[in-house]
Amino acid sequence: MVPEARSHYREELDQLEASALGGLDLARSALDRTLEVIEHIDVELAQLVIADDDRIDGRYLEVHQALINLLATQTPVATDLRLISALLHVLKNVERMGDQCVNICKVIPLSGNEPPADPQMTELILAMGRHAMSLVSQSKRAFAERNLALAQDLVRQDDAIDAMNRECFHLALQIGEDADTREWAMTMMLAARAIERIGDNSVDVGEQVAFVVTGLFREFEDASHPGRSVPGADLAR
């Protein structure tokens, strides 16, 4: 590849990385508004979040296709191939984060305009959401800076979300015998589960940071042995 063409290719790849990581900002914004939906049972805002998911899907399709075109028309070296592969995975996680927000906003109207909400459970879910927003931001920063330590720290942060999700489950079990209250609690459990998945998606982005930095893909935690780190996941070369 001639120097001029190489320079143009490098600029295009940098721009695509910025666009892919910018998708994390879109997902974070969608989650922020989704938390408002949960707090205020705002059905109109829920519909806006659902409609605005087209922006996230559009970003996914646009950058995904551009990365595929880059693979087809250029000759990426090994390090660039890793980056392109990682960005494709990041885009998929961004798209899933948007879908989780949509899932929450679709079930909120089911609880009615004035549901028999439990303040403790509501606040716990909002805390989960704020924590998940922090993870999304941290995953973006870790990728942009190629910061492996910051990426690995996402696991610790996600553990806190998992703990809150379990606490929500226990609160739902103890919510009482009133049918409407139990129905609201089940709806909130769906919201909590969706937020928990956004945390998992952020950890997935962190794993792609490790792949870009080390050239090896390792899950930060072994799914078959929760809490156990995979050997070698903390090694960079």
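As the structure is a computational prediction, the values presented were derived from the model and not from experiment. Residues take their numbers from the sequence shown, with the count starting at 1.
Side-chain contact between Gln74 and Asn69: absent, with no pair of heavy atoms (C-beta onward) separated by less than 4.5 Å. Residues Leu91 and Val94 form no side-chain contact, since every pair of their non-hydrogen atoms from C-beta on lies 4.5 Å or further apart. With a 4.5 Å cut-off on side-chain heavy atoms, Val203 and Val155 count as touching. Between Cys101 and Ile198, the closest side-chain pair of non-hydrogen atoms falls below 4.5 Å. Between Ser202 and Gln138 the shortest side-chain heavy-atom distance does not fall below 4.5 Å. Looking only at side-chain heavy atoms (C-beta outward), Val63 and Arg59 come within less than 4.5 Å of each other. When side chains are defined from C-beta on, Leu171 does not count as touching Ile175, because their heavy atoms never get closer than 4.5 Å. Between Trp184 and Thr122, the closest side-chain pair of non-hydrogen atoms falls below 4.5 Å.
Glu219 contributes no side-chain N or O that, together with a main-chain N or O of Glu207, makes up a donor-acceptor pair within less than 3.5 Å. Side-chain atoms of Ser85 never come within 3.5 Å of backbone atoms of Arg82 as a donor-acceptor pair (strictly under, hydrogens ignored). Side chain of Ser134 to main chain of Arg130: no donor-acceptor pair is present (N/O by atom type, distance under 3.5 Å, no hydrogens or angles). Distance alone, capped at 3.5 Å, is enough to place a donor-acceptor pair between the Thr34 side chain and the Ala30 backbone. With Thr181 contributing its side chain and Glu177 its backbone, the two residues share no donor-acceptor pair below 3.5 Å.
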Begin with the C-alpha distance, continue with both residues' side-chain angles, and end with the deciding distance and a verdict on side chain to side chain contact (heavy atoms under 4.5 Å, CB included) for Tyr9 and Leu13.
-> CA-CA 6 Å; Tyr9 154 74; Leu13 184 54; 4.0 Å; yes
Verify side chain to side chain contact (heavy atoms under 4.5 Å, CB included) between Ile195 and Ile104, making sure each step is shown before the conclusion.
-> CA-CA 9 Å; Ile195 293 172; Ile104 295 171; 3.9 Å; yes
Could you go step by step and tell me if Gln100 and Glu196 meet the side chain to side chain contact (heavy atoms under 4.5 Å, CB included) rule?
-> CA-CA 9 Å; Gln100 296 298 344; Glu196 188 265 341; over 6 Å; no
Full working for side chain to side chain contact (heavy atoms under 4.5 Å, CB included) between Ile108 and Ile38 | CA-CA 7 Å; Ile108 289 300; Ile38 294 172; 4.1 Å; yes
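Shown here is His89, whose NE2 atom has no more than 12 heavy atoms of other residues, nucleotides or ligands within 6.0 Å. Atom CZ of Arg146 is surrounded by more than 12 heavy atoms from other residues, nucleotides or ligands within 6.0 Å. Within 6.0 Å of the CZ atom in Arg197, the count of heavy atoms belonging to other residues, nucleotides or ligands exceeds 12.
Put simply, Met186 and Leu173 are part of two different groups of oily side chains (I, L, V, M, F, W, Y) that touch within less than 4.5 Å, one to the next. If you chain together hydrophobic residues whose side chains sit under 4.5 Å apart, Ile41 and Val102 never meet in one group. Under the 4.5 Å side-chain heavy-atom criterion for ILVMFWY residues, a single connected hydrophobic cluster contains both Leu35 and Met121. Placement of Phe217 and Leu88 in two distinct hydrophobic clusters is found when ILVMFWY residues are connected by side-chain heavy-atom separations under 4.5 Å, directly or transitively. One hydrophobic cluster, built from ILVMFWY side chains closer than 4.5 Å, cannot hold both Leu61 and Ile50; they sit in different ones.
The structure places CG of Asp158 at 8.0 Å from CG of Leu154, a figure rounded to the nearest 0.5 Å. Rounding to the nearest 0.5 Å gives a distance of 10.0 Å between CD of Gln47 and CG of Asp42. A distance of 13.0 Å separates CZ in Phe143 from CG in Leu150, rounded to the nearest 0.5 Å. To the nearest 0.5 Å, atoms CG (Asp14) and CZ (Arg10) are separated by 4.5 Å. The CZ atom of Arg55 sits 7.0 Å away from atom OG of Ser29, with the distance rounded to the nearest 0.5 Å. The CG atom of Asp159 lies 11.0 Å from the CE atom of Met164; values are rounded to the nearest 0.5 Å.
Taking both residues in full, the closest heavy atoms of Glu17 and Ala144 are given as OE2-CA, 4.4 Å, listed atom of the first, atom of the second, then distance. Contact record, Ala192 with Ile125: CB-CG1, 4.3 Å, taken as the closest heavy-atom pair. Closest approach of Phe211 to Ala86, counting heavy atoms only: CD2-CB, 4.3 Å. Closest of all the heavy-atom pairs between Leu135 and Gly199 is CD2-O, 3.8 Å. Among all heavy-atom pairs drawn from Met128 and Cys168, the shortest one is SD-SG, 4.1 Å. Closest of all the heavy-atom pairs between Ile84 and Pro76 is CD1-CG, 4.1 Å.
The pair Asp153-Arg156 meets the salt-bridge criterion, with a side-chain N (NZ, NE, NH1 or NH2) lying under 4.0 Å from an Asp/Glu carboxylate O. With respect to the salt-bridge test (charged N to carboxylate O, under 4.0 angstrom), the residues Asp178 and Arg182 do not qualify.
In this structure, a donor-acceptor pair under 3.5 Å is present between the side chains of Ser137 and Arg28. Side-chain N/O atoms of Gln208 and Asp204 include no donor and acceptor closer than 3.5 Å.
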